[in-house]
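Just so you know, ligand 1 is whichever comes first in the structure, and atom 1 is the first atom listed for that ligand. Model, not experiment: these values are computed from the prediction.
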Amino acid sequence: MRTIKKITCIGAGYVGGPTMSVVAQRCPEIEVTIVDSNTARIAAWNDSDLSNLPVYEPGLDEVVAEARGRNLFFSADVDKAIEEADMIFISVNTPTKTYGKGKGQAADLKFIELCARQIAAVATSDKIVVEKSTLPVRTAEALKSILHNTGNDVKFHILSNPEFLAEGTAVHDLQNPDRVLIGGEDDDAIQALVDIYSHWVPREKIITTNLWSSELSKLVANAFLAQRVSSINAISELCEVTGADVNEVSRAIGMDSRIGPKFLKASVGFGGSCFQKDILNLVYIARTYNLHAVADYWEQVILLNDHQKVRFAENIIKTLYNTVNGKKIAFLGWAFKKDTNDTRESAAIYVADHLLNEEAEVVVYDPKVSAEQIYKDLDYLGTRSPEDNRRLVTIATDPYEAMRDAHAIAVLTEWDEFMSYDWAKIKAGMKKPSFVFDGRKLLNRKQLEELGFVYYAIGE
Ligand code: UDX
Ligand code: UDX
């Protein structure tokens, strides 16, 4: 039975950073090194001012403060960290392919393959290699093949250990996981990883499966969660035309213990780095095996999500007398959910894009997202020139500034602070009639209507 003394994680992003920080915190006798090819990111993780960590997650600064320098290290020396480790986690990104076969659906595994080749080139002792990144089913096969054909005569065992943390609650999710999933073929290697999690996770919550079940389970978990959001969002549109209230419907169905109350909150649409990417992956895999009915079924979850974002933007345009040209629309929130600075696939990006096509003037306020990131997100769409994005979109650092003289306010992220604003003051500074479009059902309808706002919320 092998004991793990040193762990290396390749990829210091939203998954690798928090996950390995918690492992280091909970396993003080194991040395954990997180490496990344992005040296600026490593420098930020090493910043003595913890408010500069590259990932914002509630509670993460405390975990890093406790373990960093003790048994948690952030380094740009990838080769050295690989060579010294007994166990290597791969936590690099696997974006949707933007070229070639599977473009727009399949996962781009280029970074995973680069990692495997680097491990193969550098390793001179046996390693357990753990897939932390979400991968298409049977990626482990490719990893194995690259690692085993290197000629160094070193043994590699591959494990799949998908991450189920949600951003914004990552530290809590890592400390108290519903379950930990480990897929593999070699019992000793599996046991080595079980031993690590056993430092803080009850043994009955650690489940072991074969590699392929583990890889597929991650995609399926995200597909099921996203499907619930799309299901309730589909009903939100029906509620708006029938006079039903989607909150009441959610509550009524959620109390059925077979359905359960979570992930039934209607919204402007789901975002984040995982849901869309993982479903597209599932769809791509199904199509590859000619299972078109299966692929169509899951694809519909994405199509409905796209529809929800467009519908929200269209409703703003229609309500503002069919034109938003030159009108100031204040966005509250840009992140894909509260308590994170992550904006990947955020609904806000697509709603803004739709309004900008109509020459609206969008002013964005988000408590954690930088101006640079917001412009990057819009430029990435490639729908208009970077100059036009900067002409039409301004970023405010003060929320009241953002909403002054606005024709309408759109709530895109459910940040708590939005609820405690001085809404009477905001109303006084806005154009009349003063519209609020609440994509998160966050604000208090009664309070806003009493102040004279025209208030629209999804599904009501
Ligand atoms: C990513 C994937 O999106 C997710 O599917 C997977 O489960 C885990 O990895 P995340 O951590 O949120 O999630 O990605 P990101 O924040 O982009 O971090 C990836 C890091 O890997 C980046 O810091 C990047 O610089 C680094 N990287 C990427 C390398 O160090 N080497 C590479 O070859 C590629
Ligand atoms: C998700 C999974 O929850 C997590 O297990 C996996 O590891 C990664 O993907 P994440 O993307 O961080 O996590 O956030 P999540 O809380 O799942 O929210 C995803 C999106 O769905 C957000 O845009 C959120 O606002 C939206 N959502 C969620 C709703 O619109 N309604 C809901 O009821 C729940």
Side-chain angles (χ1 to χ4, degrees), residues 9-20 34-42 44-45 54-55 57 74-76 78 81 89-96 107-118 131-136 160-170 173-174 177-179 181 217-219 221-233 236 246 250 254 261-279 281 305 308-309 333 335-348 412-414 439-442 458:
C9 171
I10 309 180
Y14 284 90
V15 171
T19 308
M20 291 300 131
I34 311 181
V35 295
D36 201 295
S37 55
N38 181 341
T39 48
R41 213 165 203 191
I42 290 297
W45 280 109
V55 170
E57 276 293 340
F74 296 91
S75 162
V78 183
F89 286 77
I90 302 186
S91 201
V92 298
N93 42 332
T94 51
T96 305
D108 192 338
L109 298 179
K110 151 178 94 182
F111 299 134
I112 299 284
E113 181 169 341
L114 281 173
C115 285
R117 290 191 185 279
Q118 195 166 3
E131 296 176 342
K132 196 51 149 167
S133 303
T134 304
L135 298 166
S160 159
N161 173 220
E163 188 47 69
F164 295 106
L165 68 82
E167 289 173 34
T169 52
D173 297 346
L174 286 160
D178 283 352
R179 80 317 205 170
L181 177 57
S217 297
K218 171 64 195 249
L219 296 184
N222 276 342
F224 270 61
L225 290 169
Q227 183 194 43
R228 282 175 73 96
V229 178
S230 273
S231 295
I232 200 68
N233 280 346
S236 75
V246 77
S250 289
K262 293 180 182 163
F263 267 70
L264 285 180
K265 188 135 183 59
S267 67
V268 57
F270 61 73
S273 69
C274 287
F275 279 5
Q276 170 155 325
K277 172 169 70 71
D278 291 353
I279 295 174
N281 242 299
N305 196 48
Q308 188 76 348
K309 293 179 277 192
F336 82 97
K337 62 191 275 197
K338 73 170 179 177
D339 291 338
T340 176
N341 60 345
D342 194 349
T343 63
R344 286 176 286 182
E345 292 301 329
S346 180
L412 277 306
T413 311
E414 71 281 22
R440 295 294 183 165
K441 306 168 72 63
L442 181 73
I458 299 262

Given salt bridge (Lys or Arg N to Asp or Glu O under 4.0 Å), test Glu131 with Lys218 step by step and report yes or no. CA-CA 12 Å; Glu131 296 176 342; Lys218 171 64 195 249; over 6 Å; no

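Checked by atom type and distance alone, the side chain of Lys441 never pairs as donor or acceptor with a backbone atom of Lys265 at under 3.5 Å. A distance-only check finds a donor-acceptor pair linking the side chain of Arg228 to the backbone of Lys262 [under 3.5 Å]. A donor-acceptor pair under 3.5 Å is formed between the side chain of Thr413 and the backbone N or O of Ala335.
Between Glu414 and Lys338 there is no salt bridge, since none of the side-chain N atoms of the basic residue sits less than 4.0 Å from a carboxylate O of the acidic one.
Per-residue contacts place Asn38 under 4.0 angstrom from the following atoms of ligand 1 (heavy atoms of the residue considered): 25 (O). Near Thr94, with a cut-off below 4.0 Å to any heavy atom, the atoms of ligand 1 are 5 (O). Interface of Lys132 with ligand 1, defined as ligand atoms under 4.0 Å from a residue heavy atom, comprises 7 (O).
Scanning for side chain to side chain donor-acceptor pair (under 3.5 Å) contacts around Asp278 gives Asn222, with sequence neighbours left out.
Residues Thr19 and Ser91 fail the side-chain proximity criterion, which asks for heavy atoms closer than 4.5 Å.
Considering backbone and side-chain atoms together, Val92 places an N or O closer than 3.5 Å to an N or O of ligand 1.
For Tyr14 and Asn93, the side-chain atoms include no donor-acceptor pair closer than 3.5 Å.
For ligand 2, the 4.0 Å heavy-atom shell contains residues Glu163, Phe164, Leu165, Ala166, Glu167, Lys218, Asn222, Leu225, Val229, Phe263, Leu264, Lys265, Ser267, Phe270, Gly271, Cys274, Phe275, Phe336, Lys337, Arg440.
Assignment of Ser91 to the shell around ligand 1 is supported, since a heavy atom sits closer than 4.0 Å.
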